[in-house]
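Values below: all heavy atoms of this structure, side chains included; hydrogens, waters and symmetry mates excluded. Numbers for residues simply follow the sequence, beginning at 1. Atoms within a ligand are numbered from 1 in the order they appear, just like the ligands themselves.
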Amino acid sequence: MRRVFLETYGCQMNVADSETMAGVLERAGMTLTDRPEDADAVILNTCAIREHAEQRVLGRLGDFARLKRLRPDLIVGVAGCMAQHLRARLLDQARVLDLVVGPDGYRRLPELLRRAAAGPVAEVRLDRDETYGDLEPRRASGVRAWITVQRGCDKFCTYCVVPYTRGRERSLPLADLIGQVRAAVAGGFREVVFLGQTVNSYHDGTHDFADLLRAADAVDGLARIRFTSPHPSDMGERVIAAIAGCDKVCPQVHLPLQSASDTVLRDMARSYTLAQYRDVVARLRAAVPGLALSTDIIVGFPGETEADFARTADYMREVRFDSAFLFKYSARPDTRAWRQAETVPEEEKGRRLERLIAQQHAISGAINDRLIGREVEVLVEGPARRGGGEGAAPGRGDGQLFGKSEHFKTVVFDDDGTKAGALRRVRVVGATPITLIGEAVAAPPPEPVLLRAGA
Ligand code: 5AD
Ligand code: SF4
């Protein structure tokens, strides 16, 4: 067992978990390969948040089933939330699988892979103490390091499978995390993104999320700090003051709303009302001028009436999010809402989703249009690519660079030789709802040479 192909689905937490797995595998003498054809084992790190996510993985498993028919000793594994969610059922149903490993089993991955060569293995115990805090991840290269600061979730929103797949909320010790930030900076990363299901409820027993932001802000060589996703109910004054007061914390917050109907929010067990959410937004915007705000919305939750939906659409016009991730409700086994009868037919969910997409598209476009003529600071990531995906330049590709502005908007501009990892001032000259088109402004004068006292 030497070469492992690891493919990641779902959220950034899964991407970070895959980096932890990659570190574990490499320390055990295994190597990662980019091609499943070259691998002794293939592992899919999976997501269970919506049914669609699971279906994509099942489709991909079909590819590996074909590969396994040609090479019967290929080990096929499923890791992550779907592994935890489906557990033994996966092993029974999909004959192709040799290994099922949940989010708390990655420390033992090399051993599990070896055992799987002898027969199917399932490791799906949740461990309320496992944080992987001592395991160095093998980070993909880039300018942005994703750092998991908290695992699991205790909120139990009624639609959400995460508390069941990732278990109870636990935070990593602040000192370990600051060590990870320093290591990331030493490895060339300029930005860190702190990850947690309700990241602003971070508490390691001594320090809270505000302490973590302030400690990271003091790390030399780090340019930017972001975090995702905070929960509105945990957005207290200390956290807001730290976001506002730390120079490196970007003026950008992703604050999931889910619905603007108090009835739906109650049925989702979100623990806030629209008035309380509005108040959090007002306090954030007052503390952080020019804050970019984005959100998550679910349409078609059981019981959502046309009037409930209209409240969400109305509030989104009022608050004007910079961007929004919009989802159709997907019933998930094990959750409380799973037992509720669905009341919104699939076509109606689709209609509501389309209406919000169109509305948000117009709002995002108008917000970005107003940036034309302004300067933004871009953390350059590299050459822009054509077509879809991050950094895609609309209509152009070659000869352009891309990066994110302080507001986490993708900016493309003509390649002026700026290296990845550098901060570049760019004037916005065009905009779409998802991308800003810019021109590098004349380079600032070189840093003054520091003269020694007395020189
Ligand atoms: N159906 C649809 N969307 C969901 N989300 C979480 N669970 C579900 C579900 N069962 C969405 C929420 C969350 C985001 C990560 O995914 O909006 O904030
Ligand atoms: Fe799921 Fe709610 Fe926890 Fe987010 S806060 S992970 S939506 S249960």
Side-chain angles (χ1 to χ4, degrees), residues 9-17 46-56 80-82 84-85 103 126 146 148-171 193 195-202 209 227-235 253-261 264-272 276-277 280 293-304 309 312 315-316 321 323-344 346 348-350 352-353 356-357 360:
Y9 292 79
C11 63
Q12 285 304 329
M13 177 90 53
N14 263 12
V15 175
D17 279 0
T46 63
C47 171
I49 196 100
R50 283 169 290 274
E51 195 185 345
H52 177 70
E54 291 194 340
Q55 268 154 5
R56 279 182 63 210
C81 287
M82 196 175 156
Q84 195 66 38
H85 194 212
L126 287 174
W146 303 87
T148 302
V149 305
Q150 170 202 60
R151 303 184 68 83
C153 183
D154 282 352
K155 293 283 198 275
F156 287 93
C157 301
T158 59
Y159 52 81
C160 185
V161 77
V162 166
Y164 306 93
T165 61
R166 288 187 168 271
R168 297 288 60 72
E169 176 181 328
R170 59 224 113 117
S171 295
V193 188
L195 296 176
Q197 299 299 337
T198 57
V199 71
N200 52 341
S201 71
Y202 172 89
F209 191 61
F227 54 88
T228 198
S229 292
H231 191 285
S233 300
D234 295 314
M235 204 51 113
V253 172
H254 180 74
L255 193 67
L257 168 65
Q258 313 301 358
S259 167
S261 153
V264 175
L265 286 172
R266 183 201 60 206
D267 292 348
M268 288 176 163
R270 284 295 286 177
S271 79
Y272 53 84
Q276 287 167 323
Y277 186 93
V280 172
L293 194 66
S294 56
T295 201
D296 291 341
I297 300 285
I298 298 174
V299 298
F301 185 77
E304 184 187 71
F309 170 70
T312 302
Y315 178 67
M316 289 177 75
F321 293 112
S323 62
F325 292 101
L326 307 168
F327 306 108
K328 286 194 275 186
Y329 170 69
S330 167
R332 306 281 57 219
D334 296 342
T335 62
R336 277 191 278 161
W338 169 253
R339 296 193 292 271
Q340 260 169 279
E342 290 215 44
T343 61
V344 185
E346 203 52 35
E348 176 59 17
K349 283 185 203 169
R352 292 182 187 178
L353 186 74
L356 286 192
I357 290 173
Q360 184 56 46

Provide the number and element of each atom of ligand 1 under 4.0 Å from a heavy atom of [X].
| X | value |
| --- | --- |
| Lys328 | 1 (N), 2 (C) |
| Ile49 | 5 (N), 6 (C), 7 (N), 8 (C), 9 (C), 10 (N), 16 (O) |
| Arg332 | 10 (N) |
| Ile298 | 3 (N), 4 (C), 5 (N), 12 (C), 17 (O) |

Smallest separation among heavy atoms of [X] and [Y], with atom names:
| X | Y | answer |
| --- | --- | --- |
| Pro163 | Arg168 | O-NH2, 3.4 Å |
| Arg166 | Cys81 | NE-SG, 3.5 Å |
| Gly152 | Gln197 | O-CG, 3.4 Å |
| Lys155 | Thr198 | CG-CG2, 3.7 Å |

Going by the 4.0 angstrom heavy-atom rule, the piece of Tyr159 near ligand 1 is both
**Message:** Any donor-acceptor pair under 3.5 Å linking the side-chain atoms of Glu169 with those of Gln150?
**Reply:** yes
For [atom], which protein heavy atom lies nearest, and how many Å away is it?
| atom | value |
| --- | --- |
| atom 18 (O) of ligand 1 | Asp296 OD2, 2.6 Å |
| atom 17 (O) of ligand 1 | Gln258 OE1, 2.6 Å |
| atom 5 (N) of ligand 1 | Arg50 NH1, 3.4 Å |
| atom 8 (S) of ligand 2 | Cys157 N, 3.3 Å |
| atom 1 (Fe) of ligand 2 | Cys160 SG, 2.2 Å |
| atom 4 (Fe) of ligand 2 | Gln197 O, 4.2 Å |
| atom 10 (N) of ligand 1 | Ser330 O, 2.8 Å |
| atom 7 (S) of ligand 2 | Tyr159 OH, 3.3 Å |

I'd like to know whether the aromatic ring centres of Phe227 and Tyr202 sit less than 6.0 Å apart in this structure.
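No, the ring centres sit 6.0 Å or more apart.
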Find all atoms of ligand 2 within a distance of less than 4.0 Å from any non-hydrogen atom belonging to [X], and give their numbers and elements.
| X | answer |
| --- | --- |
| Pro163 | 8 (S) |
| Phe156 | 8 (S) |
| Val162 | 6 (S) |
| Thr198 | 5 (S) |

- Item | Residue of the set Thr295, Asp296, Thr228 for which side chain to side chain donor-acceptor pair (under 3.5 Å) holds with His254 |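 The residue from Thr295, Asp296, Thr228 that satisfies side chain to side chain donor-acceptor pair (under 3.5 Å) with His254 turns out to be Asp296.
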Original post:
Would Arg50 count as a cation-pi partner of Phe327, with NZ or CZ less than 6.0 Å from the six-membered ring centre and within 45° of the ring normal?
Top reply: yes
### Query
Are any of the heavy atoms in Arg270 under 4.0 Å away from ligand 2?
yes
Run the numbers on Lys349 and Glu304 for salt bridge (charged side-chain N to carboxylate O under 4.0 Å, His left out), then give the verdict.
CA-CA 10 Å; Lys349 283 185 203 169; Glu304 184 187 71; over 6 Å; no
request  = Measure from atom 3 (Fe) of ligand 2 to every heavy atom in Pro230, Pro256, Cys153 and give the option owning the shortest one.
outcome  =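 Minimum heavy-atom distance to atom 3 (Fe) of ligand 2 goes to Cys153.
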Walk me through it: do Glu51 and Arg56 pass the test salt bridge (charged side-chain N to carboxylate O under 4.0 Å, His left out)? CA-CA 9 Å; Glu51 195 185 345; Arg56 279 182 63 210; over 6 Å; no
_Taking atom CZ as the centre, does Phe156 end up with more than 12 heavy-atom neighbours from other residues, nucleotides or ligands that are less than 6.0 angstrom away?_
yes
Taking both backbone and side chain into account, is any N, O or S atom of His231 nearer than 2.8 Å to atom 3 (Fe) of ligand 2?
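It does not: His231 brings no N, O or S atom closer than 2.8 Å to atom 3 (Fe) of ligand 2.
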(message) Side chains of Gln276 and Pro232, heavy atoms from C-beta outward: is any pair under 4.5 Å?
(response) no
